[in-house]
Amino acid sequence: MVEVEIAKSMAEEVKLFKTWSTPFGLRVVWALKLKGIPYEAIDEDLSNKSALLLQYNPVYKKVPVLVHNGKPISESLVILEYIDETWKQNPLLPQDPLEKARERFWAKFNDEKLLQSIWGVFAKEGKEREEAMAASMENLKFVEEELKGKKFFGGEKIGLADITFGWLANLICVFEEVTGLKMIDERFPLLLAWIQEFSQHPIIKDAGPPHDKLVIKYQALYEKFHPAK
Amino acid sequence: MLKSEDVKVLGSWSSPFVMRARIALNIKSVNYEYLEERLWEGKSELLLKSNPVHKKIPVLIHGDKPICESLVIVQYIDEVWSSGPSILPSDSHERATARFWAAYLDEKWFPTMKTIGLAQGEDARKAVIPQLEEGLVLLEEAFGKCSKGKPFFGGDQIGFQDIAFGCFLGWLRVTEKMNGAKLLSEDKTPALLEWAHRFCSDAAVKDVMPETDKLAEFSKMIMAKMRAAATPKS
């Protein structure tokens, strides 16, 4: 009886501020679910941010924010490392420092290079779009190379890098549908296989927002970036 | 256990990111071989081989294994040479805070500072200064919370946040000098002003912190090259 009470009170102490569609928030959802951590999700309306969000993330005023025992943590990669260090089951990072460094390197690569280049294809026009496409192909080649001989970036199990690259599994198809541009094609067989493995994982499968809803959202955004002439 | 002679750092004397790796190794009293890249003369074979993805410095080579990205390197150093003084705090919330501010510096503050170099005209340059000052006021506040009355963000000794921020002090001073501005000041950032002196005098830092004048000369040379590259050739 006492154990249940303790478990309940601990469960109430994890809150996640996000939006329904943010891929950065979804990363944190995946991490929490992979570790079986109960949490309360608060979906924000970014056009009308809650007082709590502004209080918890005064520097950026952005989602996601994890609040654990009343203490806020911002920035998705910082949150992921915090989660991994606080709840030790199903580790997202390996023990070996070199392997850890590798996971962190690729997580950064996704956020600073891959995401930017693919977003450029989505959002830009003309020469800028061509350059973004060329950069995206280069970046995807590096990622493909990294998957050689591995089921996941983390090896046999999903790790930090997989979670960070995870948006490729549910958002790239949305971008491809909306733009009519194929980005991950047969030139990237390992990446395609990884997308299958990752999206079919029992925890990942039903955790994300519905595909159709994402298409509507990104279609609207695409039209804003590329107004009909 | 790999010998210390098996540690190399590929870097450049002017890079704040390279400083991070060297300060971390100094804190741990690790002997290493420093290889200066002459970036304006083209990148070395070793650099291209060790960091094929970014082709950038710093690279730490431990044994034959390269590790890239300055903050990834610092954490690697902290974890491998675990018997030396700790660089990251032991409390997980404090670690998250340290990482948060390091990310803020790399993704927001320093990129803003770099725009001064390419800003056209005095007015454009002056417009950047208040943005940098705002960021420093945030960091002053963070220093108060993290240091808890002690000399460094990391407490009694230099830690992750000190390294992540302190490495930019050379370029901060150059920016002040070349724009006639005071970024760190008595009235807005008194604690950071003192922290900056302590950081630069620390044994782990003083031999790797570039001299402001040398950095200023170097900065003028780069800016001249960048403007020449941006000017259409007739």
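Excluded from the calculations below are hydrogen atoms, water molecules and symmetry mates; all remaining heavy atoms, backbone and side chain alike, are included. Letters A, B, ... are given to chains in the order of the sequence lines, protein chains preceding strands, and every chain is numbered from 1.
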Go through B/L138, B/V53, B/I77 and name the one with the most non-hydrogen pairs under 4.5 angstrom from chain A.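 Ranked by contacts with chain A, first place is B/V53.
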Chain A: which of B/E79, B/H54, B/K108, B/E107 shares the most heavy-atom pairs with it under 4.5 Å?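 Max contact count across the listed options: B/E79.
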Proximity breakdown for [X] and chain B, heavy-atom pairs closer than 4.5 Å:
{"X": "A/E112", "answer": "side chain"}
{"X": "A/K108", "answer": "side chain"}
{"X": "A/F142", "answer": "side chain"}
{"X": "A/K113", "answer": "side chain"}

Just say parallel, tilted or perpendicular for the rings of A/Y218 and A/W119, cut-offs at 30° and 60°.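 Geometry flag for A/W119 against A/Y218: perpendicular rings.
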Distance-only donor-acceptor pairs under 3.5 Å for side chains of residues 94-101 of chain B, two or more places apart:
from  : atom 1 : to     : atom 2 : distance (Å)
B/E94 : OE2    : B/K148 : NZ     : 3.1
B/R95 : NE     : A/E85  : OE1    : 3.0
B/R95 : NE     : A/E85  : OE2    : 3.3
B/R95 : NH1    : B/P89  : O      : 3.0
B/R95 : NH2    : A/E85  : OE2    : 3.4
B/T97 : OG1    : B/H93  : O      : 3.0
B/R99 : NE     : B/Q75  : OE1    : 3.0
B/R99 : NH1    : A/E85  : OE2    : 3.0
B/R99 : NH2    : A/E81  : OE1    : 3.3
B/R99 : NH2    : A/E85  : OE2    : 3.2
B/R99 : NH2    : B/Q75  : OE1    : 2.9

For chain B, which candidate among A/L98, A/I79, A/T86 shows the most heavy-atom pairs at distances under 4.5 Å?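 Answer, by heavy-atom pair count under 4.5 Å with chain B: A/L98.
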Hey, could you give me each pair passing side-chain hydrogen bond (donor to acceptor under 3.5 Å, both in side chains) that has a residue in residues 162-174 of chain A? Not counting sequence neighbours.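 Of all non-adjacent pairs touching residues 162-174 of chain A, those that pass side-chain hydrogen bond (donor to acceptor under 3.5 Å, both in side chains) are A/N110-A/W167, A/D162-A/W194.
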Looking only at side chains, do A/N139 and A/S117 share a donor and an acceptor under 3.5 Å apart?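 Yes, A/S117 and A/N139 have a side-chain donor paired with an acceptor closer than 3.5 Å.
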Any side-chain donor paired with an acceptor under 3.5 Å for B/E37 and B/S44?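 There is such a pair between these side chains.
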When rounded to the nearest 0.5 angstrom, what is the spacing between CG in B/L60 and CD1 in B/I73?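 So the gap between those two atoms works out to 5.5 Å.
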